[in-house]
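So the structure is just underneath, and the comments pick up after that.
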2 protein chains.
Amino acid sequence: MDSSANVSERQAQAPALAISTVIFALRSDPSSGRPEIWLPLVRRIRQPHLGRWALPGGPLGGSESLQDAAARNLRETTDLEPTYLEQLYAFGGLDRAATRRLVSIVYWALVRPDQAGLARESENVRWFRVSEAAGLAFDHDEIVAYALDRLRGKIEYGSVAYHFLGDRFTLAQLRGVYEAVLGRQLDPANFRRQFRSAKDIVATDDVLQGVRNRPPRLYRYTGQPAPASPPPG
Amino acid sequence: MDSSANVSERQAQAPALAISTVIFALRSDPSSGRPEIWLPLVRRIRQPHLGRWALPGGPLGGSESLQDAAARNLRETTDLEPTYLEQLYAFGGLDRAATRRLVSIVYWALVRPDQAGLARESENVRWFRVSEAAGLAFDHDEIVAYALDRLRGKIEYGSVAYHFLGDRFTLAQLRGVYEAVLGRQLDPANFRRQFRSAKDIVATDDVLQGVRNRPPRLYRYTGQPAPASPPPG
DNA sequence: CGACTTAGGGTCCAAATGACTATAACTCAC
DNA sequence: GTGAGTTATAGTCATTTGGACCCTAAGTCG
């Protein structure tokens, strides 16, 4: 279609539909050892916003569900499998993209950073601290902020922190997740009390070796790996 | 386009994008006087699912935001203005509609039933008790169930019950809203205590006259009329 | 061996909540 | 007008929850 289409022609045009994904992972600060929230961004290789960083995403394939599309562009950018994937919001404001009316259905995901994926950066894919991810293309700054809100809400509700971690973890590691997401320190003793009484977290017989203090016990999460409420549709 | 398009042609076709709205209102049972949740449905006047009841909705106009589209089809079906309107979820499963790939961005709304709108039914628009809204077209049964879940969650969180009521209400009326939504009885004394300490609900100087018992005080909600978190986009 | 660090157990207190009782203020039947 | 009925409103008591804080356990490191 001719890019000189006038306003009424643009209005008659069907809105374009895209899927984007906000991908969160934890990476520990090398000096302090405290975990921080990171996310991968991709560099725009075409107009508009050429050269700026943006959320991974793309058009919805004709034979994939919305969630499959989100999982696909997660895999394509990071080579990781999500441990958690949930729809965030559908953004459809009139002025999101200059060239064409664009509706984006955005997902958010958690991945485990343990694997090689975090190192797998390239010229056009790079991981950023969430606090340093500003000046993104389109309205992606707001989308990231909203995804962070959702992450905080979900972690307070309870069942999402485990998806940042491996299958076995110490309570201190779990507390580190909470502290990184909520942005404040938590009392170790009270945190322990609260999670000892949580029914879907069980102690294993093993402890973590190789630390310079008393070896902490390892725990396992036995709850559902899938989100609690949303429908499959 | 030819309706005999084969599978690969259908996959190449861009998904159709529609906006639908789940509209909730309270109406009191004539005999018991207890409020119940109702919603308006429209009868399908074309295939597929011709003749069945469905959520109000339609295609997204080229020059309206998603929320504007939801408000528009709310107005078109009920002639009411929403007191609350929030995005629910984007449904995009592959088999939602037999004829074409369809992505529906669904909103949910609360309206005040006081006005004339509830009576304004027609051959193709009718209000149903939410418990009796079954066998709807497409996947609308699941969508209504999910909207109800969201409504319950939001009402427990706190700031949404008022949007069912007028600007002045008694605590018993407010409790009626909670009981209707949560589906269980609440202790009047404890309910009162809880809402006396809520900062965004203030007592007026007036009481409700014309009841056959001690006249209850009228209260006013001073919180935000808009949803708390979602972005405008 | 002693200093240091984190794990893990406990107490104390304040706030929130559920179950329940009692009194107040009105209408209505008689 | 008097008492029964109904709902409003206040208060009590016990339980639960969460935050602040303390103490001991079990390691490492000098």
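Throughout, a chain's letter reflects where its sequence line sits, starting with A, and its residues are numbered from 1.
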Legend entry - Centroid separation Tyr178(A) to Phe195(A) less than 6.0 Å: yes

Inset, instruction - For Leu174(A) and dA7(C), give me the distance from atom CG to atom C1', rounded to whole Å. - result: 15 Å

Inset, instruction - Using heavy atoms to find the nearest nucleotide of DNA chain C for Asp187(A) and Gln173(A) separately, return the residue whose nucleotide is more 5′. - result: Gln173(A)

Legend entry - Proximity to the side chain of Asn190(A) - top-ranked nucleotide from dA19(C), dG19(D), dA7(C): dG19(D)

Inset, instruction - Could you tell me whether Arg193(A) contacts a base, only the sugar-phosphate backbone, or nothing, with contacts defined as non-hydrogen atoms closer than 4.0 Å? - result: base

Inset, instruction - Can you tell me the distance, in whole Å, between the CD atom of Gln194(B) and the P atom of dA10(D)? - result: 16 Å

Legend entry - Distance test, side-chain N/O of Arg192(B) to OP1/OP2 of dG11(D), below 4.0 Å: no

Legend entry - Separation of dA20(D) C1' from Leu186(A) CG (nearest whole Å): 13 Å

Inset, instruction - Run the numbers on Thr204(B) and Tyr219(B) for side chain to side chain contact (heavy atoms under 4.5 Å, CB included), then give the verdict. - result: CA-CA 5 Å; Thr204(B) 68; Tyr219(B) 292 82; 5.7 Å; no

Legend entry - Nearest-nucleotide pick for Arg214(A), side chain only, options being dA25(C), dG8(C), dT9(D): dG8(C)

Inset, instruction - Quickly work out the Tyr219(A) OH to dA7(C) P distance and round it to whole Å. - result: 11 Å

Inset, instruction - Run the ring-centre check on Trp38(B) versus Phe128(B) and record whether the distance is less than 6.0 Å. - result: no

Inset, instruction - Give the rounded distance in Å between these two atoms: CD of Gln185(B) and P of dT7(D). - result: 11 Å

Inset, instruction - Hey, which sits more toward the 5' end of DNA chain C by its nearest nucleotide, Arg212(A) or Ala189(A)? - result: Arg212(A)

Legend entry - Distance, rounded to the nearest Å, where Leu218(B) contributes CG and dA8(D) contributes C1': 13 Å

Inset, instruction - Apply the ring pair (Phe, Tyr, Trp, His ring centres under 6.0 Å) test between Tyr221(A) and each candidate in Tyr162(A), Phe164(A), Phe169(A), Tyr84(A); give the one that qualifies. - result: Tyr162(A)

Inset, instruction - Choose from dA8(D), dT9(D), dA7(C) the nucleotide whose nearest atom is closest to any side-chain atom of Arg175(A). - result: dA7(C)

Inset, instruction - Check whether any side-chain N or O of Ser32(A) sits under 3.5 Å from a backbone N or O of Arg34(A) as a donor-acceptor pair, and report yes or no. - result: yes

Legend entry - For atom CD of Gln209(A) and atom P of dA7(C), their distance in whole Å: 14 Å

Inset, instruction - Return the nearest nucleotide to the side chain of Asn213(B); candidates are dT7(D), dT9(D), dA26(D). - result: dT7(D)

Inset, instruction - Round to the nearest Å and state the distance from Phe195(A) atom CZ to dG9(C) atom C1'. - result: 18 Å

